[in-house]
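Below is one structure, written out as structure tokens; the observations come after it.
If you read the sequence from its start, that first residue is 1, and numbering goes on from there.
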Amino acid sequence: MLKLNNQDRGSGKTTKIIELMEEDELALCLVPYYGIKRSLFPKELQKRVISARSFKNVYDELQGRRCNKIYIDELLYSNFFIAELFYNFGRRSDISIIVYGTDNS
């Protein structure tokens, strides 16, 4: 499943992801920058937050990890990157890809 949640800036997207991750031990989160991981996510969740800029980095980080959902915090990734992520993990491995972000286009 691929789900896109386009919300305004400051509407609580990261807070929602944190709440969802606390409810689901097998959920991971993908953020574009390491600083987002360190400053916005609680220490106990940081092991399940992946900071990666390319699909190869994400793929390497996911090797050997079990997950049922991948939350993407922010739409800084290209549509192609999100499609590639969904195709390789969502469709093939039955992992839900859920995006929370703001589209300014």
Side-chain angles (χ1 to χ4, degrees):
M1 169 182 76
L2 176 62
K3 184 176 179 183
L4 299 172
N5 298 292
N6 187 8
Q7 298 174 273
D8 293 332
R9 294 227 175 267
S11 62
K13 297 179 297 290
T14 301
T15 303
K16 179 69 175 171
I17 291 172
I18 290 169
E19 290 171 2
L20 293 168
M21 288 180 69
E22 287 172 342
E23 293 172 9
D24 186 352
E25 292 284 323
L26 292 177
L28 301 176
C29 181
L30 178 61
V31 296
Y33 303 110
Y34 183 77
I36 294 172
K37 171 182 174 176
R38 298 301 269 171
S39 65
L40 298 180
F41 286 85
K43 197 139 189 101
E44 62 272 8
L45 291 180
Q46 287 182 12
K47 290 180 184 175
R48 295 192 287 141
V49 178
I50 298 167
S51 172
R53 296 290 295 157
S54 72
F55 179 77
K56 181 175 178 353
N57 295 118
V58 173
Y59 184 78
D60 290 345
E61 285 283 336
L62 290 175
Q63 292 290 38
R65 292 176 107 169
R66 288 185 33 218
C67 71
N68 59 359
K69 291 179 189 136
I70 299 174
Y71 294 104
I72 299 177
D73 190 11
E74 222 24 90
L75 284 175
L76 294 175
Y77 295 107
S78 71
N79 291 340
F80 180 77
F81 178 88
I82 293 170
E84 186 175 21
L85 193 65
F86 173 68
Y87 180 77
N88 285 286
F89 295 109
R91 205 173 129 252
R92 289 184 175 176
S93 302
D94 200 31
I95 296 172
S96 296
I97 308 295
I98 304 162
V99 181
Y100 283 86
T102 304
D103 184 14
N104 290 328
S105 59

Path from F41 to Y34 over hydrophobic side-chain contacts below 4.5 Å: no

Spacing of [atom1] belonging to [X] relative to [atom2] belonging to [Y], to within rounding of 0.5 Å:
X: L26; Y: M21; atom1: CG; atom2: CE; value: 11.0 Å
X: R38; Y: K43; atom1: CZ; atom2: NZ; value: 4.5 Å
X: Y33; Y: S39; atom1: OH; atom2: OG; value: 13.0 Å
X: Y71; Y: L30; atom1: OH; atom2: CG; value: 13.5 Å

So, using side chain to side chain contact (heavy atoms under 4.5 Å, CB included) as the criterion, who are the partners of [X] when residues are at least two apart?
X: E23; result: L20
X: L40; result: T14, I36
X: N57; result: A52, S54

Report, as yes or no, whether the 6.0 Å neighbourhood of atom NZ on K16 holds more than 12 heavy atoms from other residues, nucleotides or ligands. no

Quick check: do R65 and I50 have side-chain heavy atoms less than 4.5 Å from each other?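 The answer is yes, as the side chains (C-beta and beyond) meet within the 4.5 Å cut-off.
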
Just to verify, which of E61, R66, R48 counts as forming a side-chain contact (heavy atoms from CB on, under 4.5 Å) with L28? R48

Test side-chain contact (heavy atoms from CB on, under 4.5 Å) applied to C29 and L45, V49, I72, the passing residue: V49

